Enquirer: 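Below is one structure. I have some questions about it.
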Amino acid sequence: MQRTTDGWGSGLLGVVIFSGSLPATRVAVGGFTPLFLTSARAVIAALLGAALLVVLRQARPERGDLVPLAVVALGVVIGFPLLTALALQHITSARSIVFIGLLPLATAIFGVVRGGERPKPAFWLFSVGGAALVVGFALANNGRASLAGDLLMVAAILVCGLGYAEGARLARQLGGWQVISWALVLALPLMAALALATLPDGWSGIGSPAWLGLAYVSVFSMLVGFVFWYRGLAIGGIAGVGQLQLLQPFFGLALAGLLLGEPVAWTMIAVTGLVVLCVAGARRFA
């Protein structure tokens with residue numbers, strides 16, 4: 001019982017940390033280009049992760065683990081940060097957080113594809129219902145004006161769901177925080193080269209909020225959040241603790257309104273709530 005409680009507490013802390021990612025990214029892209037932000041956050045997190053691996057004397061992953069680690073790196077180290085950074089040039093962080101309500105569903109779908117599970121028919125009803133809600137919301141709220149941002153967020157959710165599913169599989173043998181650390185190290189050469197190629201022309205015009213946003217997504221979103229998240233999944237159970245992701249849109253909407261002063265319409269809150277209900281139902285029948 002104590003281990004289960006610790007797992008849920010650790011998972012909840014991870015979700016709270018992840019909830020600040022999109023508002024922090026929204027602030028950071030005000031001073032950095034999406035490519036530099038994506039690469040710089042990965043480089044900083046990779047150096048910290050590598051230090052942890054060395055200090056704690058972790059064994060190297062087997063050769064057969066390299067391809068799954070590359071999938072994790074492409075999904076959560078490169079794909080999701082880059083696509084969300086690009087999306088936030090077109091839409092507000094509050095709007096983008098609505099799409100995060102689909103992340104547990106995307107993770108579950110890739111878990112079905114990769115794990116060969118056979119969910120009940122009700123699962124697909126909730127799945128289609130949640131997707132329809134998000135599409136309907138996008139079309140009803142100036143969908144044309146933010147179509148690029150909406151499509152980028154959908155792509156971000158898909159690659160992140162794949163990265164989570166692969167990471168969950170690897171965590172059973174490598175350990176939770178080790179998975180994200182090795183994925184970061186694997187992506188380090190590419191991300192370091194990209195960071196050098198996209199360095200800002202000047203540093204004086206970059207304000208403190210952008211630097212704080214970069215620091216948050218580098219240290220907390222890219223590494224610390226995963227330490228708590230994968231620890232929660234490992235000791236509390238993937239199926240149970242994974243449902244805590246459903247709280248992320250609410251935490252994120254609150255942060256966007258509180259810290260950035262972005263308007264959060266009641267319709268956005270209502271749609272987020274309905275999406276969360278659909279995802280919860282889908283997970284129940286998975």
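Because the structure is a prediction, the values reported are computed rather than measured.
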Enquirer: Under 4.5 Å between side-chain heavy atoms, counting indirect links through other Ile/Leu/Val/Met/Phe/Trp/Tyr residues: same cluster for I157 and W124 or not?
Expert: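 Yes, same cluster.
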
Enquirer: Which one of W177, F18, F80 satisfies the ring-ring contact (aromatic ring centres under 6.0 Å, His included) criterion with F226?
Expert: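 Testing F226 for a ring-ring contact (aromatic ring centres under 6.0 Å, His included) against W177, F18, F80 leaves exactly one candidate, F18.
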
Enquirer: Can you tell me if S39 uses its side chain to pair, donor with acceptor, with the backbone of F36 under 3.5 Å?
Expert: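 Between the backbone of F36 and the side chain of S39 there is a qualifying donor-acceptor contact (under 3.5 Å).
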
Enquirer: On a heavy-atom basis, which atom in L103 and which in G161 lie closest, and how many Å separate them?
Expert: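 Result for this residue pair: CD1-N, 3.8 Å.
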
Enquirer: Give a yes or no answer on whether the side chain of Y164 reaches the backbone of V72 with a donor-acceptor pair at less than 3.5 Å.
Expert: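 No, Y164 side chain to V72 backbone: no donor-acceptor pair under 3.5 Å.
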
Enquirer: For S181 and L223, which heavy atoms make the closest approach, and how far apart are they?
Expert: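 It is OG-CD1, 4.1 Å.
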
Enquirer: Look at the side chain of R41 and the backbone N and O of Y216, then say whether any donor-acceptor pair between them is shorter than 3.5 Å.
Expert: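 Judged by distance alone, no pair lies under 3.5 Å.
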
Enquirer: List the atom of S221, the atom of I17, and the distance in Å for their closest heavy-atom pair.
Expert: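 Heavy-atom minimum between the residues: N-CG2, 4.3 Å.
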
Enquirer: When clusters are formed by joining ILVMFWY residues with side-chain heavy atoms under 4.5 Å apart, either directly or through shared neighbours, do V29 and L199 land in the same one?
Expert: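 Shared cluster, yes.
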
Enquirer: Do any N or O atoms from the side chain of Q58 and from the backbone of L56 form a donor-acceptor pair under 3.5 angstrom?
Expert: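 It does hold such a pair.
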
Enquirer: Do I78 and L190 come close enough that some side-chain heavy atom pair is under 4.5 Å?
Expert: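 Result yes, sub-4.5 Å side-chain heavy-atom pair found.
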
Enquirer: Does the side chain of E166 come within less than 4.5 Å of F110's, by heavy atoms?
Expert: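 The answer is no; the side chains never approach within 4.5 Å.
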
Enquirer: Nearest heavy-atom pair of V159 and G79: which atoms, and what distance?
Expert: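 Shortest heavy-atom separation between V159 and G79 comes out as CG2-C, 3.9 Å.
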
Enquirer: Which atom names give the shortest non-hydrogen contact between T38 and V77, and what distance separates them?
Expert: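 Heavy atoms only, the tightest pair is CG2-O, 4.3 Å.
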
Enquirer: Could you tell me whether a side-chain N or O of S10 sits under 3.5 Å from a main-chain N or O of F228, the two making a donor and an acceptor?
Expert: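 Confirmed, S10 side chain pairs with F228 backbone.
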
Enquirer: Is the CH2 atom of W203 crowded by more than 12 outside heavy atoms at less than 6.0 Å?
Expert: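 Check passes, neighbour count above 12.
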
Enquirer: Do V219 and L212 sit in the same hydrophobic cluster, where Ile, Leu, Val, Met, Phe, Trp and Tyr count as joined when their side-chain heavy atoms come under 4.5 Å apart?
Expert: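 No, V219 and L212 fall in different hydrophobic clusters.
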
Enquirer: So which atom in A40 and which in L214 form the shortest heavy-atom distance, rounded to 0.1 Å?
Expert: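 Heavy atoms only, the tightest pair is CB-CD1, 4.1 Å.
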
Enquirer: For the atom pair CZ (F99) and CG (L151), what is the distance rounded to the nearest 0.5 Å?
Expert: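 Here the interatomic distance stands at 8.0 Å.
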
Enquirer: Can you hop from L196 to L37 via hydrophobic side chains spaced under 4.5 Å?
Expert: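 L196 clusters together with L37.
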
